[in-house]
Number of protein chains: 2
Amino acid sequence: MITFEDFRPEGSLPVYRQIVLYIKRGAVAGSIRNGDELPSRRMLSALLGINPNTVQKAFSLLEEEGLITSRAGAKSFMTLDEERLTQIRNDLLSEDIQIITSALRQMGITKEEALALISRFWEEPR
Amino acid sequence: MITFEDFRPEGSLPVYRQIVLYIKRGAVAGSIRNGDELPSRRMLSALLGINPNTVQKAFSLLEEEGLITSRAGAKSFMTLDEERLTQIRNDLLSEDIQIITSALRQMGITKEEALALISRFWEEPR
DNA sequence: AAAAGTGTGTTAGTTGAGTAATACGGTTAG
DNA sequence: CTAACCGTATTACTCAACTAACACACTTTT
């Protein structure tokens, strides 16, 4: 069962998209595995203090992408194979890294400065 | 005169916020300097193909933060001192780096992997 | 002085994200 | 079996990010 313990919505990204990201990142990290049960729409919405429809929107997206399987009346569960997983990993990584490198370059930061900064900030609590 | 040549709105961030970011990053990079003239609200909105009110919102934010000065009838111009600049630099850097480190850690990426990835992706054209 | 360009303010509409309340039928545990 | 839980669907509402079209007063330019 996926607990959503360490899920904390933040930033300007819509919550339903953050839920999708949380699942994808967990899958890449290996903490979310094929066959894992998801909490019900109602339970999760109560847990996160958001509307059931917002959770539904996130789960719909995940199902469209083939990452979860749902049937009316029963709980949803993860459907992941290795190929899909490495694809997701590559997508997420290239997107995130493209964003940060673009931002840092626009600020005139050199590659060496960037690496030094990220190295220094890696263990920060925040 | 700030040209907005290399400004390309993208992503889910509101355009008026992207304009603010563009100015701040340019200031940090040194390509935008104290006293520099900004294009008028109307000209910039025509250039970017967006509504004048969207530009106005961006410029209002910049003025609230003291980064530009405006007087009715005349063009707006940058008002930057060294202290404010280093503060902006620190704010932008810590925010961006916090976002990327958080994302990579959630995917189970180690510090060494992260540095290797960013190093490899740095020169990517995209 | 007059025209053109400028910052500023107002009102109104559209779109998408998210909230809210409710209903229906399928699945599962007691 | 049946009650509790579940996925799914519908309708209506709020709110922020824009879009659109003006009007007014100030400045710079000619």
Side-chain angles (χ1 to χ4, degrees), chain A residues 1-4 7-24 32 34-80, chain B residues 1-4 7-24 32 34-80:
Chain A
M1 172 66 117
I2 302 166
T3 61
F4 281 83
F7 179 82
R8 295 284 178 280
E10 54 187 10
S12 62
L13 199 66
V15 177
Y16 73 94
R17 281 185 159 286
Q18 297 190 38
I19 293 174
V20 171
L21 260 185
Y22 177 82
I23 295 291
K24 287 186 175 177
I32 292 177
N34 185 46
D36 278 1
E37 245 186 19
L38 290 132
S40 79
R41 272 78 161 163
R42 295 172 226 266
M43 271 201 40
L44 185 54
S45 65
L47 179 66
L48 302 182
I50 62 179
N51 193 274
N53 296 2
T54 303
V55 177
Q56 168 63 12
K57 200 163 188 174
F59 281 28
S60 292
L61 270 181
L62 287 168
E63 193 172 18
E64 276 179 26
E65 296 192 45
L67 269 60
I68 72 174
T69 300
S70 304
R71 31 192 259 279
K75 292 244 192 77
S76 303
F77 55 91
M78 302 296 303
T79 48
L80 294 167
Chain B
M1 173 67 118
I2 301 166
T3 63
F4 281 82
F7 179 82
R8 295 285 178 280
E10 55 187 11
S12 62
L13 199 66
V15 177
Y16 73 94
R17 281 180 149 286
Q18 296 191 39
I19 294 173
V20 171
L21 258 185
Y22 177 81
I23 295 291
K24 286 185 176 178
I32 292 177
N34 186 47
D36 278 0
E37 245 186 18
L38 290 132
S40 78
R41 271 79 161 163
R42 294 173 227 266
M43 272 200 40
L44 185 54
S45 65
L47 179 67
L48 302 182
I50 62 179
N51 193 274
N53 295 1
T54 303
V55 178
Q56 168 63 13
K57 198 163 187 175
F59 280 29
S60 291
L61 270 182
L62 287 168
E63 194 173 16
E64 275 178 27
E65 296 193 45
L67 269 60
I68 72 174
T69 300
S70 304
R71 31 192 260 279
K75 293 247 191 73
S76 302
F77 55 90
M78 302 295 304
T79 48
L80 294 167

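Naming: A, B, ... by sequence-line order, numbering from 1 per chain.
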Atom-to-atom span, [atom1] of [X] to [atom2] of [N] - whole angstrom:
{"X": "B:I50", "N": "C:dT14", "atom1": "CD1", "atom2": "P", "value": "21 Å"}
{"X": "B:Q18", "N": "D:dC18", "atom1": "CD", "atom2": "C1'", "value": "13 Å"}
{"X": "B:E37", "N": "C:dT6", "atom1": "CD", "atom2": "P", "value": "10 Å"}
{"X": "B:M43", "N": "C:dT6", "atom1": "CE", "atom2": "P", "value": "7 Å"}
{"X": "A:E64", "N": "D:dT8", "atom1": "CD", "atom2": "C1'", "value": "14 Å"}
{"X": "B:L62", "N": "C:dT8", "atom1": "CG", "atom2": "P", "value": "12 Å"}
{"X": "A:K57", "N": "D:dA9", "atom1": "NZ", "atom2": "C1'", "value": "15 Å"}
{"X": "A:Q56", "N": "D:dT10", "atom1": "CD", "atom2": "C1'", "value": "12 Å"}

For the atom pair [atom1] ([X]) and [atom2] ([Y]), what is the distance rounded to the nearest 0.5 Å?
{"X": "B:D36", "Y": "B:T79", "atom1": "CG", "atom2": "OG1", "answer": "11.5 Å"}
{"X": "B:L48", "Y": "B:T54", "atom1": "CG", "atom2": "OG1", "answer": "10.0 Å"}
{"X": "B:I19", "Y": "B:L38", "atom1": "CD1", "atom2": "CG", "answer": "10.5 Å"}

If we ignore angles and hydrogens, is there a donor and acceptor under 3.5 Å between the side chains of A:Q56 and A:S60?
-> yes
5'-most contact on DNA chain C: A:A72 or A:R17, nearest heavy atom basis?
-> A:R17
Is [X] close enough to [N] that one of its side-chain N or O atoms is under 4.0 Å from OP1 or OP2 there?
{"X": "A:S70", "N": "D:dG7", "value": "no"}
{"X": "B:T54", "N": "D:dT19", "value": "yes"}
{"X": "B:Y16", "N": "D:dC18", "value": "no"}
{"X": "B:R41", "N": "C:dT8", "value": "yes"}

Intermediate values then yes/no, side chain to side chain contact (heavy atoms under 4.5 Å, CB included), A:I23 and A:F4 = CA-CA 9 Å; A:I23 295 291; A:F4 281 83; 3.7 Å; yes
Check whether the side chain of A:R71 and the base of C:dG26 form a donor-acceptor pair under 3.5 Å.
-> no
Is there a donor on the side chain of B:R42 or the base of C:dG7 sitting less than 3.5 Å from an acceptor on the other?
-> yes
[X] has a side chain; which of [options] sits nearest to it?
{"X": "A:S40", "options": "C:dT28, D:dT19, D:dG7", "result": "D:dG7"}
{"X": "B:P14", "options": "D:dT19, D:dG7, D:dC18", "result": "D:dC18"}
{"X": "A:N51", "options": "D:dT19, C:dA20, C:dG7", "result": "C:dA20"}

How is A:S76 classified with respect to the nucleic acid when contacts are heavy atoms under 4.0 Å: base, sugar-phosphate, or nothing?
-> sugar-phosphate
Which part of the nucleic acid does B:F59 contact within heavy-atom distance under 4.0 Å: base, sugar-phosphate only, or nothing?
-> nothing
Among B:R71, B:R41, B:E37, the one residue meeting side-chain hydrogen bond (donor to acceptor under 3.5 Å, both in side chains) with B:S76 = B:R41
DNA chain D: 5'-proximal contact among A:N53 and A:K75 (nearest heavy atom) | A:K75
